[in-house]
Amino acid sequence: MKTHTRVCVIGGGVVGASVLYHLTKLGWSDVVLLERSELTSGSTWHAAGGFHTLNGDTNMCALQGYTIRLYKELEEITGMSCGLHHVGGITLADTPERFDMLKAERAKHRHMGLDTHIFGPDEVKKYAPITNTDGILGALYDPLDGHLDPSGTTHAYAKAARMGGAEIYLHTKVEETNQRPDGTWEVVTDKGTIIAEHIVNAGGLWAREVGAMAGVYTPLLPMEHQYIVTEDLPEIYERSEEHPHVMDPGGESYLRQEGRGLCIGFYEQPCKPWSVDGTPWGFGHELLPDNLDKIEASIEFAYSRFPILERAGVKTVIHGPFTFAPDGNPLVGPVPGKQGYWLACGVMAGFSQGGGVGLMLAQWMINGETERDVFAMDIARYGKWISPGYTVPKVIENYRNRFSVTYPNEELPVARPCQTTPMYDVFDGMNAVWGQQNGLEVVNYFALDGEERYETPSFRRSNAWDATAQEVMAVRTAVGINEVQNFGKFLVRGTGARAWLDRIMAGRIPQVGRLSLTPMLAPSGRLIGDFTVSCLADDEFQLTGSYGAQEFHHRWFLQHLESGISVDNISDLRTGFQIAGPNARKLLERVTRADVSGETFKFLDVKPMVVGLVDCLVQRVSYTGDLGYEIYTSAMSQRALWNALWDAGQDLGLRPFGMRAMMSLRLDKFFGGWLREFSPDYTAAETGLDRFISFKKNTDFIGRAAAEAERATPPARMLCAFEVATTDAEINGYEPVTVEDKVVGYCTSGGYSHFAEKSIAMALIPRQMAKNGLNAKIEILGEMCKATLITTPLFDADGARMRG
Ligand SMILES: Cc1cc2nc3c(=O)[nH]c(=O)nc-3n(C[C@H](O)[C@H](O)[C@H](O)COP(=O)(O)OP(=O)(O)OC[C@H]3O[C@@H](n4cnc5c(N)ncnc54)[C@H](O)[C@@H]3O)c2cc1C
């Protein structure tokens, strides 16, 4: 065994093998994989081997497409068989809502280049004749769906990796991982010790135990899962071609041909977690005892959907555990605060996602960034608040919802509330309808008197409509108040803080008492963040950005930290409110002795002030695009600040507003949002954030060369706003934009402007087409809606009110 290596991958399941292969593919050959037993000895060996592209997250969907296309490449490189059966698959819809979801997916696929189709019941019957189509409204067909041989595929990855220089040590159990003073890792195994620059935890069923060796909590839980293989069935083996896959979400089942019979698996409601407190090291190539009682109701349902099953004998039952993260997506990437420690675990669909996970991780390790936004699987999407207490019920909820319709406005109920601010009971008493962001309860809207405190999950306009409209109009005509807890906030301190920020941020760093907006770029020029930088003193700055991305951003800051600078995440320590609307200044005047007149306290000023009883930091800026102020204080003082503002604002029409109203208000000004318009998928010039880049500053900020190249040659696409002629459904993101029947771009987000009474889409389209008045069509739930490009903001187009 080697004594030193660049990368040590722990775990030889399909995921570890894929990571190892991709590291060699991208040029690192001094890499090893340690497997405590044989390859595939965790979940991998007993998987059903199905693969599909369908995933609610568009980037995950694209990576699943990559994974599936990779298998042919692997077979060619290695000469080995992955046992591929590209038989295609359909996902049935038995309710209008499920059909809406499939239509929305199909629309996304149109600009992703995936050749999926919507089928009617007759086509379903023709295509998958064993299906009883009673009650079926339609289906989504994907020709890429299929299945493979899990063991053959894992060994093909391993062979391809070995061909690229990797070494694999079987029967070598990792027992300790100790970080050395120089940041490298000592990996202690039962066969000796290896020093590695990087380690990758691909421990699958044992990822929790492997993580714990380094003090890393991996939020995942194994669940028991069962599928049944039937005896031979003439209706199957007499067919001239292999039967396709059929996903029946209504029956929570997936079905495919296996040999001369069928194989059907279930995501049953009475599901069971496995080994909640840890995976025994002695567990190996073994199955769990059959538990047909657990899937009895699912089997009954399957008999009605596929009547052939009722007389099919059972050949084998496969019952085994595999791991899930709370949201069902993988846990990948560098662990914040642990140099050289990477995760590639929590992969619940190793044969749909393993290739994409391996590619992204290898890019991240070798290039320092991935080619696309991978936040959906980034470990940094979970903050320090996550614990097994949250993970366990959330994973069970996710397993049960595996085949449920996922609505764009849906708020999942389990493990709530988890994190709350001091305002929780106050807003709850005001009929708040709660949402959750990064574990934190945030108000979506306040239910009107007499209305249910629950937003109906829907692809179409929901029952939040009237309340949201009233909250929006309160802001535009009087004054609204909303919590600013859900901003990520950082305090940057040190004598070199300004110089450091000048290097990290692409924009201008403001003088004392001022704030500025700035993009933060990766070396490739892609967006890593968009921040408000407030200069509190020459050596002290506050940064505000996305709350959900706080760990992601903090990790980036720490990776680029210089001595003498401190960057503290104060997201949950500094909280407060924003007030916005024409009466906002009057309200602030009533609660502070500071001079807040427009001449003294100008747009983009920041000042410490006493507001009511408490010390605050007040910034003259508002994401509503209106005259507004963000007022920050400590969590301990938040209630006192609220009391002062609330009491003073009653005769000014003060009304609390939630995130639904916020998202409508920002559209009036075509303001983008993080992970919608602004994400690592896009560059500053594509999204218009280049207007905040300071090319004048004399600093070689990260991403400068790429940004300058874009300035010389503008990128091909550009972010624009459209007014959309839709009657009952809004844009959610990734809907295709067509011009003269050709897909030319896609939406990043959208919604309804209650102020202008218009449906708005934000979309990326070819730059040369981006002219006011361009006529286009946007597909919403299968309907082609007329869309007109607009360039004038719907509210305060000249910024007079915002700056006044
Ligand atoms: C019944 C069933 C059906 C399934 N069907 C499908 C399907 O149709 N399609 C699909 O995509 N997925 C399916 N899955 C899920 C799939 O099996 C997993 O997504 C996949 O196997 C995860 O692979 P992995 O490499 O992350 O983990 P694992 O397969 O668990 O591999 C982890 C490896 O790490 C090794 N290891 C752990 N700790 C150490 C240590 N300390 N030192 C050295 N080595 C260590 C283990 O021995 C093991 O080999 C199914 C799962 C089950 C249970």
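We count ligands from 1, going down the list as the structure has it; atoms in each ligand are counted the same way.
Polar contact with ligand 1: absent for Thr40 (N/O pair, distance under 3.5 Å). Residue Ser41 places at least one N or O, backbone or side chain, under 3.5 Å from an N or O of ligand 1. The shortest N/O to N/O separation between Val210 and ligand 1 does not fall below 3.5 Å. Remark: ligand 1 and Ala344 share no N or O pair separated by less than 3.5 Å (distance only, no angle test). Between His225 and ligand 1, no N or O atom pair is found at a separation short of 3.5 Å.
At the top of the distance list for atom 15 (C) of ligand 1, counting protein heavy atoms only, stands Phe322 CD1, 3.1 Å. At the shortest separation from atom 44 (N) of ligand 1 among protein heavy atoms lies Arg36 N, 3.0 Å. Closest to atom 21 (O) of ligand 1 among all protein heavy atoms lies Thr44 OG1, 2.9 Å. Protein heavy atom nearest atom 18 (C) of ligand 1, with residue, atom name and distance: Val347 O, 3.6 Å. Nearest protein heavy-atom neighbour of atom 49 (O) of ligand 1: Glu35 OE1, 2.7 Å.
The only member of His86, His85, His243 that meets ring-ring contact (aromatic ring centres under 6.0 Å, His included) when paired with His147 is His85. If you run ring-ring contact (aromatic ring centres under 6.0 Å, His included) between Tyr399 and each of Phe266, Tyr267, Phe322, only Tyr267 comes through.
Heavy-atom separations between Trp281 and ligand 1 include at least one value shorter than 4.0 Å. Under a 4.0 angstrom heavy-atom cut-off, Gly12 registers as being in contact with ligand 1.
With a 4.0 Å cut-off on non-hydrogen atoms, Phe351 touches ligand 1 through its backbone as well as its side chain. Contacts between Phe51 and ligand 1, counted as non-hydrogen atom pairs separated by less than 4.0 Å, are absent for every part of the residue.
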Review point. Step by step, would you call Lys108 with Glu105 a salt bridge (Lys or Arg N to Asp or Glu O under 4.0 Å)?
Key: CA-CA 5 Å; Lys108 284 184 203 170; Glu105 289 303 313; 3.2 Å; yes
Review point. Can you check ring-ring contact (aromatic ring centres under 6.0 Å, His included) on Tyr382 and Tyr390, steps first, answer last?
Key: CA-CA 11 Å; Tyr382 293 113; Tyr390 178 90; 7.1 Å; no
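Ring planes of Tyr141 and Phe119: parallel class, angle under 30° (limits at 30 and 60°).
By heavy-atom distance, the residue among Val174, Asp190, Thr177 lying nearest atom 42 (N) of ligand 1 is Val174. Taking all heavy atoms of Ala207, Ala47, Ser352, Ala48 into account, the minimum distance to atom 16 (C) of ligand 1 is reached by Ala47. When the heavy-atom distances from atom 10 (C) of ligand 1 to Pro150, Gly11, Gly50 are ranked, the shortest goes to Gly50.
A salt bridge links Glu397 with Lys394: at least one charged nitrogen is closer than 4.0 Å to a carboxylate oxygen. In summary, Lys2 and Asp30 engage in a salt bridge, as defined by a charged side-chain N under 4.0 Å from a carboxylate O. Contact check on Glu242 versus Arg256 returns no salt bridge, with no Lys/Arg side-chain nitrogen under 4.0 Å from an Asp/Glu carboxylate oxygen. Salt bridge annotation for Lys315-Glu258: absent, with no cationic side-chain nitrogen under 4.0 angstrom from a carboxylate oxygen.
In the vicinity of Val15, heavy-atom distances shorter than 4.0 Å reach the ligand 1 atoms 23 (O), 24 (P), 25 (O), 26 (O). The contact set between ligand 1 and Ala202, taken as ligand atoms under 4.0 Å from a residue heavy atom, comprises 32 (C), 34 (O). Below 4.0 Å from some heavy atom of Gly350 lie the following atoms of ligand 1, by number and element: 10 (C), 11 (O), 12 (N), 18 (C), 19 (O).
Using a 4.5 Å heavy-atom cutoff, the side chains of Tyr127 and Pro244 are in contact.
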